[in-house]
Amino acid sequence: MKEIIDLRSDTVTKPSQAMRDFMAHAPVGDDVFDEDPMVHELQNEVAMLLGKEAALYCPSGCMTNQLAVNIQTQPGDEVILEADAHIFNYETTAASFLSRVQLNPVKANNKGILTIDEVDNAIREKAYYMPVSRLLVIENTHNRAGGTIYSIDKVKKLSEFAQSKGILMHLDGARLWNASAATGTSPKDYAQYFDTVSVCFSKGLGAPVGSAICGTKEHIAKARRMRKIWGGGMRQAGIIAAGALYALRNNRERIKDDNTKAKRFADIVGKTAKRATVDLDSVETNIVLIELKEKNPDIPKMLSDISSMGVRLSQGKRTSLRAIAHLDVSMEECEKAGNIIAEYLS
């Protein structure tokens, strides 16, 4: 069987033996009764890491994002976010289903990073027939922009502006760990400018399941109730929470290696492939977008062809392929994959 280098996503990682052992010996209780000690330990640790009062462990980042929207809005409100944001593109219109709010997608002119002027133009005037601009969502790093980063200075300025307009802030920090690894800015420093923060354990950290929403104790009490309503209450969840806690303690520091591997892959493809381009300046973390020169590329066929050559990629946007480096692929494998893709696209 041909060896496959899987770069579709950083969600494809598998638990290490050490992680499995830690999970197997986790003390557990009933988390719906709020009695699981391992869940408590994870929630306390991630809340402290982000400088928030409390945290809630959930099955997915989609749920934590949607909880953040729900607990900070009223039906009929509007949420401002970048047009390529995960909440707008990949969460199956959940905000309108679950919270009865409207999303206002704003196209950023610079690599998915919103400016104050772009946000300002999206804020509704105060009139009874207008929705209320209630929440601003920032995604850091920005997936569909190719893993680009909001600097701490830009976050601070956006936060100050939002506060001046009475608008709340949510950070979709699914890959916040990658942003911190690249910039040296701590997760806590980023998180201080947001009312709520969502972080993922099953991407760069390599845990099998879960994300957390962090905020005030009042926020998390509301989120816990909504999690139950939405079917997210889990019983002996300490077994999977242990995987997340192990990942948080052991895999965070090595995430910078994934960013380095992605840059090497991008360099090989970008300098060799003739049927595609890679914006090397946009490869800031572990995501690489390969922009195809064809006007209407048959991406499913291309992905199938590439897979038969031993590499798995995913679709980025309508005319791009996406590769994501992670802990289960080595530098050598990323270089090999880069050469395969470059040859195919030449």
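Just so you know, residue 1 is the first one in the sequence shown, and it goes up from there. Every value quoted in this text rests on a predicted model; they were computed, and no experiment measured them.
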Heavy-atom count check: over 12 atoms from other residues, nucleotides or ligands less than 6.0 Å from Lys271 NZ? no
Rounded to the nearest 0.5 angstrom, the OG-CD1 distance for Ser282 and Ile149 is 11.0 Å
A quick test of your reading: do over 12 heavy atoms of other residues, nucleotides or ligands sit less than 6.0 Å from CD of Glu53? yes
Would the distance check show the side chain of Ser9 and the main-chain N or O of Val12 forming a donor-acceptor pair, the cut-off being under 3.5 Å? no
Run Leu67 and Trp230 through side-chain contact (heavy atoms from CB on, under 4.5 Å) and show every step you take. CA-CA 10 Å; Leu67 285 171; Trp230 292 347; 3.5 Å; yes
Report the C-alpha separation of Gln72 and Thr196 in whole Å, then their side-chain angles, then the decisive distance to 0.1 Å, and conclude whether the side-chain hydrogen bond (donor to acceptor under 3.5 Å, both in side chains) test is met. CA-CA 9 Å; Gln72 296 179 101; Thr196 55; 2.8 Å; yes
Rounded distance (nearest 0.5 Å) linking atom CG of Leu136 with atom CD of Glu82: 11.0 Å
Donor-acceptor under 3.5 Å (Thr93 side chain, Ser96 main chain): no
Quick one: do Val69 and Ile167 end up in the same hydrophobic cluster if we chain Ile, Leu, Val, Met, Phe, Trp and Tyr together by side-chain heavy atoms under 4.5 Å apart? no
Check for a donor-acceptor pair, side chain of Thr64 on one end and backbone N or O of Gly61 on the other, with a separation under 3.5 Å. yes
Has the side chain of Lys165 got a donor or acceptor atom that lies under 3.5 Å from a matching backbone atom of Ile123? no
Salt bridge (Lys or Arg N to Asp or Glu O under 4.0 Å) with Arg264: which of Glu335, Glu332, Glu333? Glu335
Rounded distance (nearest 0.5 Å) linking atom CE of Met309 with atom OG of Ser307: 11.0 Å
Does Asp153 pair with Lys156 as a salt bridge, N-O distance under 4.0 Å? no
Distance from Ser60 atom OG to Glu91 atom CD, nearest 0.5 Å? 8.0 Å
In Å and rounded to the nearest 0.5 Å, what is the CZ to CD1 distance from Phe265 to Ile287? 12.5 Å
Hey, does the side chain of Thr183 reach the backbone of Ala179 with a donor-acceptor pair shorter than 3.5 angstrom? yes
Any donor-acceptor N/O pair, Gln163 side chain to Glu160 backbone, under 3.5 Å: no
Begin with the C-alpha distance, continue with both residues' side-chain angles, and end with the deciding distance and a verdict on side-chain hydrogen bond (donor to acceptor under 3.5 Å, both in side chains) for His326 and Asp6. CA-CA 9 Å; His326 52 80; Asp6 196 341; 5.6 Å; no
According to a 4.5 Å side-chain heavy-atom criterion applied to Ile, Leu, Val, Met, Phe, Trp and Tyr, with indirect links allowed, do Leu98 and Ile220 form part of one hydrophobic cluster? yes
Side chains of Leu50 and Lys188: does their closest heavy-atom pair fall under 4.5 Å? no
Within the structure provided, determine whether Glu291 and Thr319 are in side-chain contact (heavy-atom separation under 4.5 Å). yes
Take Asn178 and Thr285 through the side-chain hydrogen bond (donor to acceptor under 3.5 Å, both in side chains) test and state the conclusion after the steps. CA-CA 6 Å; Asn178 295 87; Thr285 52; 5.5 Å; no
Could you check if a side-chain atom of Phe194 sits within less than 4.5 angstrom of a side-chain atom of Ile138, using non-hydrogen atoms only? yes
Parallel under 30°, tilted from 30 to 60°, perpendicular over 60°: which one fits the rings of Trp177 and Phe201? parallel
How far apart are the closest heavy atoms of Asn251 and Arg254, and which atoms are they? O-CG, 3.2 Å
In plain terms, say whether Glu343 and Lys274 are close enough for a salt bridge, that is, a side-chain N and a carboxylate O under 4.0 Å apart. no
Within the structure provided, determine whether Ile324 and Arg322 are in side-chain contact (heavy-atom separation under 4.5 Å). yes
Would you say Asn89's side chain and Ala83's backbone share a donor-acceptor pair under 3.5 angstrom? yes
Ion pair present between Lys317 and Asp84, side-chain N to carboxylate O less than 4.0 angstrom? yes
Run the salt-bridge test on Asp10 and Arg175 with the 4.0 Å N-O cut-off and return the result as yes or no. yes
Report yes or no: is the cationic atom of Arg275 (NZ for Lys, CZ for Arg) under 6.0 Å from the centre of the six-membered ring of Tyr344, at an angle within 45° of the ring normal? yes
For Asp305, is there an ion pair with Lys301 - N to carboxylate O distance below 4.0 angstrom? yes
Looking only at non-hydrogen atoms, find the nearest pair between Gly338 and Val269 and report the distance. O-CG2, 3.6 Å
Please tell me whether Val197 and Leu42 are part of a single hydrophobic cluster in this structure, the criterion being side-chain heavy atoms less than 4.5 Å apart. yes
Distance-only, no hydrogens or angles: does the Glu284 side chain make a donor-acceptor pair with backbone N or O of Thr148 under 3.5 Å? no
Evaluate the criterion side-chain contact (heavy atoms from CB on, under 4.5 Å) for residue pair Gln236 and Asp31; output intermediate values, then yes/no. CA-CA 6 Å; Gln236 285 70 39; Asp31 187 50; over 6 Å; no
Kindly give the heavy-atom pair with the smallest separation between Lys111 and Ala145, and that separation in Å. O-CB, 3.3 Å
Give the minimum heavy-atom separation between Ala337 and Leu7, together with the two atoms involved. CB-CD1, 3.8 Å
Please determine whether the number of non-hydrogen atoms from other residues, nucleotides or ligands lying under 6.0 Å from atom CD of Gln74 exceeds 12. no
Nearest atoms (heavy-atom pairs only) where Ser314 meets Arg8: OG-O, 3.1 Å
Close side-chain approach of Arg312 to Ile5, heavy-atom, < 4.5 Å: no
Transitively linked via ILVMFWY side-chain contacts under 4.5 Å: Val132 with Val101? no
Test item: Glu78 and Thr73 side chains (from C-beta on) under 4.5 Å apart, heavy atoms: no
Measuring from atom NE2 of His170 to atom CG of Leu81, what distance do you get when rounded to the nearest 0.5 angstrom? 10.0 Å
Nearest heavy-atom neighbours spanning Cys200 and Ser211: CA-OG, 3.4 Å
Worked verdict on Val28 versus Met38 for side-chain contact (heavy atoms from CB on, under 4.5 Å): CA-CA 6 Å; Val28 297; Met38 186 57 71; 5.6 Å; no
Applying side-chain contact (heavy atoms from CB on, under 4.5 Å), run through Asp34 and His40 and close with a yes or a no. CA-CA 8 Å; Asp34 199 19; His40 286 173; 2.8 Å; yes
Within the 4.5 Å heavy-atom criterion, are Val137 and Leu135 side-chain neighbours or not? yes
When you measure from the side chain of Tyr246 to the backbone N and O of Pro15, does any donor-acceptor pair fall under 3.5 Å? no
Could you tell me whether the side chain of Leu321 reaches within less than 4.5 Å of the side chain of Leu292, counting heavy atoms only? yes
Run Arg249 and Glu45 through salt bridge (Lys or Arg N to Asp or Glu O under 4.0 Å) and show every step you take. CA-CA 9 Å; Arg249 290 175 176 174; Glu45 193 154 323; 2.9 Å; yes
Could you go step by step and tell me if Thr260 and Asp257 meet the side-chain hydrogen bond (donor to acceptor under 3.5 Å, both in side chains) rule? CA-CA 5 Å; Thr260 302; Asp257 298 337; 5.3 Å; no
So, does Asn286 use its side chain to make a donor-acceptor pair with the main chain of Ala325 at under 3.5 Å? yes
